[in-house]
K.L.:
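First the structure, which I've put down as structure tokens, then a few questions once you've had a look.
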Amino acid sequence: MYLLEHQMADSRMHELRTEALAASRAHRLYLARRAARRAERAVRRAARASASVY
């Protein structure tokens, strides 16, 4: 009986660990995309500022 409970708990821990890793990857991807959008906007602002100077 104890072995069965241990196997079930181990399986559940593995599932939770997998879900946590997936969530972490998704969050990092979201942050990377957000940073890329900010960088693109900064490049456009800099280009407009440079164009207005000349």
Side-chain angles (χ1 to χ4, degrees):
M1 186 66 179
Y2 175 76
L3 181 61
L4 179 61
E5 290 176 2
H6 179 72
Q7 287 174 339
M8 289 176 63
D10 194 43
S11 175
R12 182 69 178 138
M13 286 296 291
H14 179 70
E15 289 173 9
L16 291 173
R17 193 176 305 118
T18 302
E19 288 176 16
L21 288 172
S24 177
R25 278 193 299 271
H27 185 65
R28 285 195 309 267
L29 180 60
Y30 165 76
L31 292 177
R33 286 180 176 162
R34 190 171 74 175
R37 284 193 302 269
R38 285 182 178 178
E40 289 171 8
R41 285 194 299 265
V43 166
R44 283 192 227 113
R45 274 196 309 273
R48 281 195 305 269
S50 178
S52 70
V53 169
Y54 293 110

K.L.:
Kindly write out the residues that satisfy side-chain hydrogen bond (donor to acceptor under 3.5 Å, both in side chains) with Arg48, not counting sequence neighbours, or none if the list is empty.
P.N.:
none
K.L.:
Could you tell me whether the side chain of Ser24 and the main chain of Ala20 form a donor-acceptor pair under 3.5 Å?
P.N.:
no
K.L.:
Just verifying a value: how many Å separate His14 NE2 and Asp10 CG, rounded to the nearest 0.5 Å?
P.N.:
9.0 Å
K.L.:
Only pairs at least two apart or in different chains count here, so list each salt bridge (Lys or Arg N to Asp or Glu O under 4.0 Å) that has a residue in residues 29-38.
P.N.:
none
K.L.:
For Arg12, which residues count as a salt bridge (Lys or Arg N to Asp or Glu O under 4.0 Å) partner, sequence neighbours excluded?
P.N.:
Glu15
K.L.:
Taking ILVMFWY side chains as joined if any heavy atoms are under 4.5 angstrom apart, and letting links pass through other members, which residues group with Met8?
P.N.:
Leu4
K.L.:
For Glu5, give me all partners under salt bridge (Lys or Arg N to Asp or Glu O under 4.0 Å), at least two apart in sequence or on another chain.
P.N.:
none
K.L.:
Salt bridge (Lys or Arg N to Asp or Glu O under 4.0 Å) with Glu40: which residues, sequence neighbours excluded?
P.N.:
Arg44
K.L.:
What residues form a side-chain hydrogen bond (donor to acceptor under 3.5 Å, both in side chains) with Ser11, not counting sequence neighbours?
P.N.:
none
K.L.:
Apart from Leu31 itself, which Ile, Leu, Val, Met, Phe, Trp or Tyr residues share its cluster (side-chain heavy atoms under 4.5 Å, direct or through members)?
P.N.:
Tyr30
